[in-house]
Student: 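First, the structure itself, so that you have it in front of you.
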Amino acid sequence: MTPPAQKVTPISGFPELLPAERLLELHFLDTVREVFELHGFAPLETRAVEPVERLLGKGGDADKEIYGIRRLAGEDTGRESELGLHFDLTVPFARYVLENAGKLSFPFRRYQVQKVWRGERPQEGRFREFTQADIDVVDVGTLAPHFEAEMPLVIAEAFRRLPVGEFRIQVNNRKVPEGFYLGIGLTDVAGTLRVVDKLAKIGPEKVAAQLVEAGATDEQARQCLALAGIRSEDLSFVDEVRALGVEHPVLDEGLDALAAVIRAGTEQAPGTLVADLSIARGLDYYTGTVYETQVVGNEEWGSVCSGGRYDSLASDGRTTYPGVGISIGLSRLVHLLVTKRGLTASRSTPAAVLVAVVDEDTRARSVAVAAALRARGVPCEVAPSAAKFGKQIRYADRRGIPFVWFPGAGDDGGDQVKDIRSGDQVDADAASWECPAADLRPGVVIPQH
RNA sequence: GUGGGCGUAGCUCAGCUGGUAGAGCAUCGCGUUGUGGUCGCGAGGGUCGCGGGUUCAAGUCCCGUCGCUCACCCCA
């Protein structure tokens with residue numbers, strides 16, 4: 001019996017890709033993973049769920065975005081669900097470190113690529129289920145500041161290998177605005193940061209108005225805006241902040257730390273790191289350096305990679321494990337590159353060769369050819385039916401498979417292989433044929449405009 | 001969570017003041033009895049999101065509901 005027709009609809013915020021898009025995403029994943037491993041980050045995966053209380057209070061407003069889970073058939077105890085899906089990879093990692101501290105060697109560096117879930121309202125490039133690619137370093141008691149410079153530089157290396165175009169990693173240190181605000185007499189640091197953070201979106205006038213509304217004086221609001229307006233690719237931001245004439249020990253601390261990160265950037269990857277004193281975002285647990293990454297020319301996409309330093313996320317009460325990490329929003333990045341820049345994979349299947357079938361009686365010969373090709377690392381598939389060759393070629397064409405193999409097509413009864421893009425067809429032997437390296441795996445197609 | 005927009009073929013959409021549902025693209029077939037892409041001809045495919053109401057008659061008007069989407073919030 002055919003079941004009654006039922007409407008299937010996508011679920012908002014839970015994107016699913018077509019094969020070509022997924023191949024593109026896998027290319028990104030492979031590249032990112034390779035770079036992470038080149039830098040010695042150990043692979044790690046944590047469970048999808050954490051006790052809700054461990055998730056709560058870690059991400060500010062993220063609290064209300066946590067998905068709780070329970071068994072549908074479980075007894076209704078009337079209690080709140082005890083498990084929730086993680087909303088990032090840092091909080092679970094911190095827990096993992098505590099749990100396995102005795103078995104890990106510090107400083108411990110790991111990478112982690114997993115789905116995360118946030119119950120926010122979906123929008124272009126904002127999902128409820130998405131993949132993050134995260135690197136972190138944690139140490140016991142204290143964490144050397146040079147790691148704060150290393151994180152964004154690893155990301156920069158990964159991005160340079162990917163077709164993301166020009167990008168900018170913006171760096172700030174929360175102690176800078178914190179010390180600055182305290183220095184001018186504003187005690188609501190978090191609230192002030194939140195308002196100032198909207199600067200790029202709502203403009204200086206509205207930010208000033210909201211600051212005053214929140215209790216700041218006109219002069220304090222003006223000072224906040226002056227600080228937030230400072231950005232530089234070199235160390236000149238330090239003097240610019242000093243010129244504002246505000247004194248506070250926390251401010252000094254922040255400026256020193258930020259200067260160290262920017263200095264490392266100018267030395268190792270000129271042009272990729274920018275000190276931007278308006279950057280304040282990140283989850284609540286960040287205590288110092290924070291990062292955000294924008295694709296140049298598409299700043300409206302928001303950050304595609306961010307993170308920061310956290311000093312007390314992992315603590316068992318006696319020992320704390322400070323860390324610093326940064327996370328690529330892979331789903332957002334790939335989705336935006338696909339929909340806004342037309343990026344795609346060169347084909348919708350890994351197969352580089354379609355082995356034609358002359359007739360069903362000789363399918364075994366085609367299967368043998370495929371086996372020989374696979375043995376030498378050439379991804380291929382055998383035609384599904386012994387249809388007319390025109391149809392078999394079209395089968396390959398529709399999928400972007402570049403080569404069609406014709407068993408027994410040669411004058412001497414040997415095989416031939418056809419490059420269906422050029423139409424060239426030549427004698428070939430499955431035991432020795434060399435697939436052009438560029439065609440072996442699906443590539444990335446970047447439309448020119 | 002708050003507010004706006006939109007739900008018609010696989011996709012993008014048209015469908016006026018209510019009158020028995022259309023196009024392009026895609027798919028499949030044939031032209032082309034074993035080498036694709038072009039072209040020509042043809043075919044299949046729709047409970048008009050769902051439920052209720054008004055009406056002789058609803059894709060069209062009204063109410064509700066669900067979904068998608070955009071913005072706010074927040075964030076990758």
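Convention: sequence-line order gives letters A, B, ...; per-chain numbering from 1. From a predicted model like this one, the values you see are computed outputs, not experimental measurements.
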Student: In which stems does RNA chain B show up, taking only runs of three or more Watson-Crick or G-U wobble pairs whose two distances fall under 3.5 Å?
Tutor: B:1-7 with B:66-72, B:10-13 with B:22-25, B:27-31 with B:39-43, B:49-53 with B:61-65

Student: Can you say whether a donor on the side chain of A:Arg121 sits under 3.5 Å from an acceptor on the base of B:rC73, or the other way round?
Tutor: no

Student: To the nearest Å, how far apart are A:Arg421 CZ and B:rG36 C1'?
Tutor: 14 Å

Student: Kindly indicate whether a cation-pi arrangement holds for A:Arg399 with A:Tyr395, taking the cut-offs as under 6.0 Å to the six-membered ring centre and within 45° of the axis.
Tutor: yes

Student: Salt bridge or not for A:Arg109 and A:Glu150, using N-O below 4.0 Å?
Tutor: yes

Student: Counting only side-chain nitrogens and oxygens, does A:Arg398 get under 4.0 Å of the OP1 or OP2 atom of B:rU27?
Tutor: yes

Student: Is there a donor and acceptor pair, one atom on the side chain of A:Glu120 and one on the base of B:rA76, closer than 3.5 Å?
Tutor: yes

Student: Strictly under 6.0 Å, is that where the ring centroids of A:Phe14 and A:Trp117 end up?
Tutor: no

Student: For A:Arg118 and B:rC75, give me the distance from atom CZ to atom P, rounded to whole Å.
Tutor: 8 Å

Student: Are the side chain of A:Arg168 and the backbone N or O of A:Thr272 linked by a donor-acceptor pair below 3.5 Å?
Tutor: no

Student: Can you identify which nucleotide, out of B:rA76, B:rC68, B:rC28, has its nearest atom closest to the A:Ile11 side chain?
Tutor: B:rC68

Student: By nearest atom, which of the nucleotides B:rA76, B:rC68, B:rG36 is closest to the A:Ile420 side chain?
Tutor: B:rG36

Student: Is the phosphate of B:rA76, meaning OP1 or OP2, less than 4.0 Å from a side-chain N or O of A:Ser303?
Tutor: no

Student: Hey, does A:Val357 reach any base, or is it just sugar-phosphate, or nothing, if we go heavy atoms under 4.0 Å?
Tutor: base

Student: Does a side-chain N or O from A:Lys388 land closer than 4.0 Å to OP1 or OP2 of B:rU33, or not?
Tutor: yes

Student: Tell me every residue that passes ring pair (Phe, Tyr, Trp, His ring centres under 6.0 Å) with A:His335, counting only those two or more places apart in sequence or in another chain.
Tutor: A:Phe127

Student: For A:Phe130 and B:rA76, say yes or no: do the ring centres fall under 5.5 Å of each other while the ring planes differ by less than 30°?
Tutor: yes

Student: For A:Ile11, does the CD1 atom sit with more than 12 other heavy atoms under 6.0 Å from it, leaving out its own atoms?
Tutor: no

Student: Counting the atoms with a prime plus P, OP1 and OP2 as sugar-phosphate, which does A:Phe406 contact under 4.0 Å by heavy atoms, base, sugar-phosphate, or nothing?
Tutor: base

Student: Applying a 4.0 Å non-hydrogen cut-off, can you work out what A:Gln123 is touching in the nucleic acid: base, sugar-phosphate, or nothing?
Tutor: base

Student: Determine whether the side chains of A:Arg110 and A:Gln112 contain a donor N or O and an acceptor N or O closer than 3.5 Å.
Tutor: yes

Student: For the side chain of A:Ile393, starting at C-beta, report the closest nucleotide among B:rU35, B:rG29, B:rA76.
Tutor: B:rU35

Student: Can you tell me if the side-chain N/O atoms of A:Lys418 get under 4.0 Å from OP1 or OP2 in B:rG36?
Tutor: no

Student: Do any of residues 30-43 of chain A sit with a heavy atom less than 4.0 Å from RNA chain B, and if so which?
Tutor: none

Student: Rounded to the Å, how far apart are A:Leu330 CG and B:rC75 P?
Tutor: 20 Å

Student: Would you please confirm or rule out a distance under 4.0 Å between OP1 or OP2 of B:rC75 and any side-chain N or O of A:Arg194?
Tutor: no

Student: Taking atom types as they are modelled, is there a donor-acceptor pair under 3.5 Å from the base of B:rU35 to the side chain of A:Gln425?
Tutor: yes

Student: B:rG29 phosphate, OP1 or OP2: any side-chain N/O from A:Arg394 under 4.0 angstrom?
Tutor: yes

